[in-house]
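Naming convention: chains lettered A, B, ... in sequence-line order (proteins, then strands); numbering from 1 in each chain. This is a predicted model, so every value here is computed, not measured. The basis for the numbers below is simple: all heavy atoms, side chains too, and nothing from hydrogens, waters or symmetry mates.
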Amino acid sequence: MTEAIHLASWNVNSLRVRLEQVLEWLQASKIDILALQETKLTDDLFPVDAFENIGFHVVFSGQKTYNGMAIASRMPIQEVVTDLEDYIDPQRRILAATIAGIRLINLYVPNGAAVGTDKYDYKLTWLSKVTSFIEKQLLDYPLVAVVGDFNIAPEDRDVYDIKTWSGGVLVSPQEREAFAKLLSIGLKDSFRQFSQAEDIFSWWDYRTAAFRGNRGLRIDHILLNERLSATCLESKIDIEPRRVERPSDHAPVMVRFTKD
DNA sequence: ATGGTGGTCTTACCA
């Protein structure tokens with residue numbers, strides 16, 4: 001029996017502000033691999049020592065003020081990719097790496113602002129380019145996990161009040177089609193492999209004190225290819241880190257699986 | 001009620 005691997009993804013909305021929370025949670029939750037989004041740090045400022053001191057390797061693709069990606073892992077990290085060959089994008093929103101034979105693709109999908117805006121168009125274009133990249137990765141690697149902040153709630157049950165959100169950004173048909181396309185190329189939403197309680201979300205807007213009333217959306221996901229999903233034992237969202245003082249607006253999502 | 005809060009080389013922009 002192989003020991004289980006715990007893989008997680010968390011949009012931390014500034015690693016500088018959330019570093020202590022992340023380190024604490026990493027250790028308390030026995031996480032082996034953590035994908036981070038919105039680090040908002042340039043590479044020269046990345047807190048490498050803080051992660052290494054608790055036994056983690058770390059790779060990152062940073063940016064000032066906005067975006068910024070990282071992966072922390074107890075196991076060595078190889079074959080790091082930060083840019084797509086056929087899509088030049090100065091925004092740091094993708095970080096792929098191989099860890100213990102698993103191809104991990106960490107994404108921070110553009111928010112999209114509002115349907116019909118330039119940012120919305122950028123989101124759809126970005127998704128299309130990244131989907132092509134993932135399609136190729138699925139051919140090259142036997143075990144693939146695509147994780148991150150997708151900024152898409154795939155189904156109505158992933159939204160606290162679909163009437164309020166219907167047709168808007170994060171739930172619009174075109175965004176959901178882009179998400180469905182990711183599933184159609186050979187990925188599964190790990191969260192939906194298991195029975196889950198109702199009204200489980202991963203993001204709550206700071207602006208409306210949304211967390212207090214659990215007015216959230218499930219927009220952070222862990223997608224696994226067939227072979228990896230077959231070994232997945234659990235998929236959940238840990239909302240405890242959203243309860244603390246000065247939290248990220250996102251909660252971490254996590255899976256437990258045996259590698260073979 | 002198209003607001004609100006939170007983060008950032010802040011007085012604007014992003015989410």
Side-chain angles (χ1 to χ4, degrees), chain A residues 9-25 34-47 50 60-70 88-95 106-127 130 147-154 158-172 174-176 178-179 201-221 237-253:
Chain A
S9 169
W10 195 359
N11 179 325
V12 290
N13 185 24
S14 169
L15 186 57
R16 206 193 303 256
V17 171
R18 238 67 69 184
L19 181 60
E20 291 310 315
Q21 291 179 36
V22 169
L23 298 175
E24 203 171 293
W25 185 81
L34 175 63
L36 294 165
Q37 304 89 38
E38 283 207 89
T39 57
K40 300 187 175 179
L41 283 171
T42 49
D43 290 349
D44 56 312
L45 294 173
F46 196 92
F60 37 84
S61 176
Q63 184 182 336
K64 189 172 65 178
T65 311
Y66 306 116
N67 313 312
M69 311 297 288
I88 310 277
D89 185 0
Q91 301 194 31
R92 304 292 80 195
R93 295 179 176 277
I94 183 162
L95 181 61
N106 179 15
L107 306 179
Y108 176 40
V109 177
N111 172 279
V115 176
T117 60
D118 288 350
K119 289 187 181 125
Y120 182 79
D121 292 342
Y122 165 59
K123 179 178 195 172
L124 295 176
T125 302
W126 190 94
L127 280 163
V130 168
V147 313
D149 176 0
F150 287 71
N151 269 315
I152 300 171
D158 299 315
V159 182
Y160 75 92
D161 178 11
I162 191 59
K163 282 180 192 157
T164 304
W165 284 79
S166 186
V169 74
L170 311 187
V171 307
S172 75
Q174 276 184 287
E175 289 164 84
R176 284 180 168 178
F179 188 86
F201 308 120
S202 69
W203 170 79
W204 302 259
D205 201 329
Y206 288 126
R207 289 169 289 190
T208 49
F211 186 67
R212 212 137 51 96
N214 194 28
R215 293 182 294 273
L217 281 77
R218 192 176 69 92
I219 57 175
D220 299 85
H221 309 295
I237 301 173
D238 183 3
I239 67 166
E240 293 307 316
R242 188 63 175 80
R243 296 186 198 281
V244 305
E245 203 178 329
R246 218 177 174 196
S248 166
D249 45 351
H250 294 255
V253 298

Distance in angstrom units between [X] [atom1] and [N] [atom2], rounded:
{"X": "A/His250", "N": "B/dA15", "atom1": "NE2", "atom2": "C1'", "result": "8 Å"}
{"X": "A/Lys123", "N": "B/dA15", "atom1": "NZ", "atom2": "C1'", "result": "11 Å"}
{"X": "A/Leu170", "N": "B/dC14", "atom1": "CG", "atom2": "P", "result": "16 Å"}
{"X": "A/Asn67", "N": "B/dC14", "atom1": "CG", "atom2": "C1'", "result": "9 Å"}
{"X": "A/Asp118", "N": "B/dA15", "atom1": "CG", "atom2": "P", "result": "13 Å"}
{"X": "A/Arg215", "N": "B/dG4", "atom1": "CZ", "atom2": "P", "result": "16 Å"}

Next item on the list: First locate atom CG of A/Leu124, then atom OG of A/Ser172, and finally report the distance between them rounded to the nearest 0.5 Å.
Entry: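 That separation rounds to 6.5 Å.
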Between [N] and [M], how far is it from one [atom1] atom to the other, in whole Å?
{"N": "B/dC9", "M": "B/dC14", "atom1": "P", "result": "15 Å"}
{"N": "B/dA15", "M": "B/dG4", "atom1": "C1'", "result": "13 Å"}
{"N": "B/dT11", "M": "B/dG6", "atom1": "C1'", "result": "16 Å"}
{"N": "B/dG3", "M": "B/dC13", "atom1": "P", "result": "16 Å"}
{"N": "B/dT2", "M": "B/dG7", "atom1": "P", "result": "25 Å"}

Next item on the list: Looking at every strand, decide which applies to A/Tyr108 at a 4.0 Å heavy-atom threshold: base, sugar-phosphate, or nothing.
Entry: sugar-phosphate
Check: Across the strands shown, which category fits A/Arg93 at heavy-atom distances under 4.0 angstrom: base, sugar-phosphate, nothing?
Finding: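 Contact class for A/Arg93: sugar-phosphate only.
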Check: Do A/Trp25 and A/Asp238 have side-chain N/O donor and acceptor atoms under 3.5 Å apart?
Finding: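 A/Trp25 vs A/Asp238: donor-acceptor pair found between side chains.
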Check: Regarding A/Glu38 and A/Tyr108, is there a side-chain donor-to-acceptor distance under 3.5 Å anywhere?
Finding: yes
Next item on the list: Mark yes or no for whether A/Arg242, through its side chain, and A/Trp204, through its backbone, hold a donor-acceptor pair below 3.5 Å.
Entry: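 Yes, because the side chain of A/Arg242 sits within donor-acceptor range (under 3.5 Å) of the backbone of A/Trp204.
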Next item on the list: Let me know which of A/Lys40, A/Gln37, A/Arg93, A/Arg92 forms a side-chain hydrogen bond (donor to acceptor under 3.5 Å, both in side chains) with A/Asn67.
Entry: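 The side-chain hydrogen bond (donor to acceptor under 3.5 Å, both in side chains) with A/Asn67 is passed solely by A/Arg93 among A/Lys40, A/Gln37, A/Arg93, A/Arg92.
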Check: Is the A/Phe60 ring parallel, tilted or perpendicular to the A/Phe46 ring (thresholds 30°, 60°)?
Finding: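 Rings of A/Phe60 and A/Phe46: parallel, as their planes differ by under 30°.
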Next item on the list: For A/Trp203 and A/Asn11, run side-chain contact (heavy atoms from CB on, under 4.5 Å): C-alpha distance rounded to whole Å, both residues' side-chain angles, the deciding distance at 0.1 Å, then the answer.
Entry: CA-CA 9 Å; A/Trp203 170 79; A/Asn11 179 325; over 6 Å; no
Check: What is the pairing partner of B/dT2, taking Watson-Crick or G-U wobble pairs with both distances under 3.5 Å in any strand?
Finding: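 Paired with no nucleotide.
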Check: Could you run down nucleotides 5-13 of chain B 5' to 3' and tag each one B, S or - for protein heavy-atom contact under 4.0 Å?
Finding: BSSSB---B
